[in-house]
Trainee: 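Dropping the structure in here first, questions after.
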Amino acid sequence: MPEGPSLVIAKENMLAFIGKKVTDAKGNAKIDKSLLVNQTITDIRTWGKHLLICFKTFSVRVHFLMFGTYLVNERKPSSLRLSLKFKKGELNFYTCSVRLITDPLDEVYDFSSDVLNEHWNARKAAYKLRADPIRSVCDILLDQNIFAGAGNIIKNEVLFRIRVHPKSIVGKLPAKKKSELIREARKYSFDFLAWKRNFELRKHWQIYTKKTCPRDHNPVTKEYLGTGKRRTFFCNQCQILYD
DNA sequence: ATACATGTTGGAGC
DNA sequence: GGCTCCAACATGTA
């Protein structure tokens with residue numbers, strides 16, 4: 001469930017609860033759940049991979065990490081991390097990280113660094129790349145401070161689309177490639193969102209988990225790259241190394 | 001069925 | 001203090 005577009009879909013699935021009052025809050029989340037009872041949801045937002053359930057004086061931040069799931073007006077046997085009940089309906093969260101945020105969200109988050117946000121600021125991203133030129137494009141694309149919402153699938157597919165080898169150093173990219181990277185990180189995220197909505201995301205993977213490059217039919221290389229040693233698929237022939 | 005994965009945090013060790 | 005490495009979290013999928 002994790003990458004940014006999936007969070008946008010999660011939010012959309014929960015919009016009906018805006019303006020609704022929590023009648024009960026349960027689950028093993030380590031927050032004071034009693035704070036939520038009798039509070040009304042004022043908004044539901046996302047920042048990257050964070051789902052933000054807003055109340056008048058605080059927000060509940062849900063991060064799904066790798067395996068988190070949620071159900072709207074449904075339950076499953078697994079243990080509940082957080083369950084919000086309403087007069088009509090319920091929101092259930094499993095295997096996720098739940099935190100209370102008491103500072104105003106606009107102080108906690110820079111929404112212009114969320115690739116899916118309407119306030120996305122490409123120039124700011126370009127500035128951040130210039131400020132940190134020696135990092136690999138692999139690490140840059142997973143940096144939530146620069147491309148909030150981008151995850152490992154987006155990383156792989158963006159690099160393939162712009163024909164950049166994942167071991168490239170961001171400062172060595174020609175200016176045109178750098179702006180292409182920034183543009184494509186956002187564009188692919190919206191494609192991801194549209195495909196995910198239609199349950200056809202996998203069908204559109206070009207390099208991620210692939211064995212053969214769809215461009216030149218050479219074998220795809222799989223390596224664990226970057227500081228997080230994340231699964232990276234690439235074509236050694238058509239993705240150019242800038243180092 | 002065993003291993004692995006769309007992610008992040010925090011602690012140990014240096 | 002700061003860096004890197006790794007366990008922990010916990011479950012669906014191949």
Trainee: Side-chain N or O of A/R81 versus OP1/OP2 of C/dA10: is the shortest distance under 4.0 Å?
Mentor: yes
Trainee: Tell me every residue that passes side-chain contact (heavy atoms from CB on, under 4.5 Å) with A/P174, counting only those two or more places apart in sequence or in another chain.
Mentor: A/K177, A/Y242
Trainee: Applying the Watson-Crick and G-U wobble criteria at under 3.5 Å, what pairs with B/dT6? Answer none if nothing qualifies.
Mentor: none
Trainee: If the P atom of B/dA5 is compared with that of C/dC6, how far apart are they to the nearest Å?
Mentor: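 After rounding to an integer number of Å, I get 16 Å for this pair.
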Trainee: A/I53 and A/F93: which non-hydrogen atoms are nearest, and at how many Å?
Mentor: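 Of all heavy-atom pairs spanning A/I53 and A/F93, the closest is CD1-CZ, 3.8 Å.
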Trainee: Check the orientation of A/Y109 and A/W47. Use parallel for under 30°, tilted for 30 to 60°, and perpendicular for over 60°.
Mentor: tilted
Trainee: Examine B/dA5: is either OP1 or OP2 under 4.0 Å from a nitrogen or oxygen in the side chain of A/Y208? Give yes or no.
Mentor: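 Looking at the OP1 and OP2 atoms of B/dA5, neither is under 4.0 Å from any side-chain N or O of A/Y208.
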Trainee: Would you mind reading off the distance between A/Y224 atom OH and B/dT6 atom C1', rounded to a whole angstrom?
Mentor: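 Distance, rounded to whole Å: 13 Å.
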Trainee: Looking at A/F233, is A/K210 sitting on its ring face, NZ or CZ under 6.0 Å from the six-membered ring centre and within 45 degrees of the normal?
Mentor: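 Not satisfied by the 6.0 Å and 45° rule.
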Trainee: Rounding to an integer number of angstrom, what distance separates C/dA7 and B/dC4 when you compare their P atoms?
Mentor: 14 Å
Trainee: Once you apply a heavy-atom cut-off of 4.0 Å, does A/S78 come out as touching a base, just sugar-phosphate, or nothing?
Mentor: sugar-phosphate
Trainee: Looking only at side-chain N and O atoms, does A/S97 come under 4.0 Å of OP1 or OP2 in B/dT8?
Mentor: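 For A/S97, the contact criterion (side-chain N or O under 4.0 Å from OP1 or OP2 of B/dT8) is not met.
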Trainee: At under 4.0 Å, does any side-chain N or O of A/K76 touch on OP1 or OP2 of C/dG12?
Mentor: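 It does, given that an N or O in the side chain of A/K76 lies less than 4.0 Å from OP1 or OP2 of C/dG12.
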Trainee: Please tell me which of A/K229 and A/R202 maps to the more 5' nucleotide of DNA chain C, matching each residue to the nucleotide holding its nearest heavy atom.
Mentor: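 By nearest-heavy-atom nucleotide position, the 5'-most residue is A/K229.
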Trainee: Does A/R231 make a side-chain N or O approach to OP1 or OP2 of B/dT6 shorter than 4.0 Å?
Mentor: yes
Trainee: B/dT9 C1' sits how many Å from A/Q144 CD, rounded?
Mentor: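 Answer to the nearest Å: 14 Å.
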Trainee: Any carboxylate oxygen within less than 4.0 angstrom of a Lys/Arg side-chain nitrogen, looking at A/D191 and A/R161?
Mentor: yes
Trainee: Would you kindly give the CG-to-P distance between A/L80 and C/dA10, to the nearest whole Å?
Mentor: 13 Å
Trainee: Quickly work out the A/L65 CG to C/dA7 P distance and round it to whole Å.
Mentor: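 It is 17 Å, rounded to the nearest whole Å.
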Trainee: Take the protein atom CG of A/N156 and the nucleotide atom P of B/dG7, then report the distance between them rounded to whole Å.
Mentor: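 Going from CG in A/N156 over to P in B/dG7 covers 10 Å.
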Trainee: Assess, by modelled atom type and distance only, whether the side chains of A/Y208 and A/R231 contain a donor and an acceptor separated by less than 3.5 Å.
Mentor: yes
Trainee: For C/dA10, which nucleotide in any strand shown is its Watson-Crick or wobble partner with both distances under 3.5 Å?
Mentor: none
Trainee: Given B/dT9, B/dG7, C/dA10, which nucleotide is nearest the side-chain atoms of A/R61?
Mentor: B/dT9
Trainee: What is the distance from CD of A/E3 to P of B/dA5, rounded to the nearest Å?
Mentor: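 It works out to 14 Å between those atoms.
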Trainee: If the P atom of B/dG10 is compared with that of C/dG1, how far apart are they to the nearest Å?
Mentor: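 Nearest-Å result for B/dG10 against C/dG1 at atom P: 16 Å.
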Trainee: In this structure, how many angstroms lie between the C1' atom of B/dT6 and the CD atom of A/E200, rounded?
Mentor: 18 Å
Trainee: Return the 5'-most residue of the pair A/R99, A/K49 with respect to DNA chain B, ranking by each residue's nearest nucleotide.
Mentor: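 Residue closer to the 5' terminus by nearest nucleotide: A/K49.
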Trainee: Nearest to the A/F67 side chain among C/dT11, B/dT6, B/dC4, which nucleotide is it?
Mentor: C/dT11
Trainee: What is the separation between atom CG on A/N145 and atom P on B/dT9, rounded to the nearest whole Å?
Mentor: 12 Å
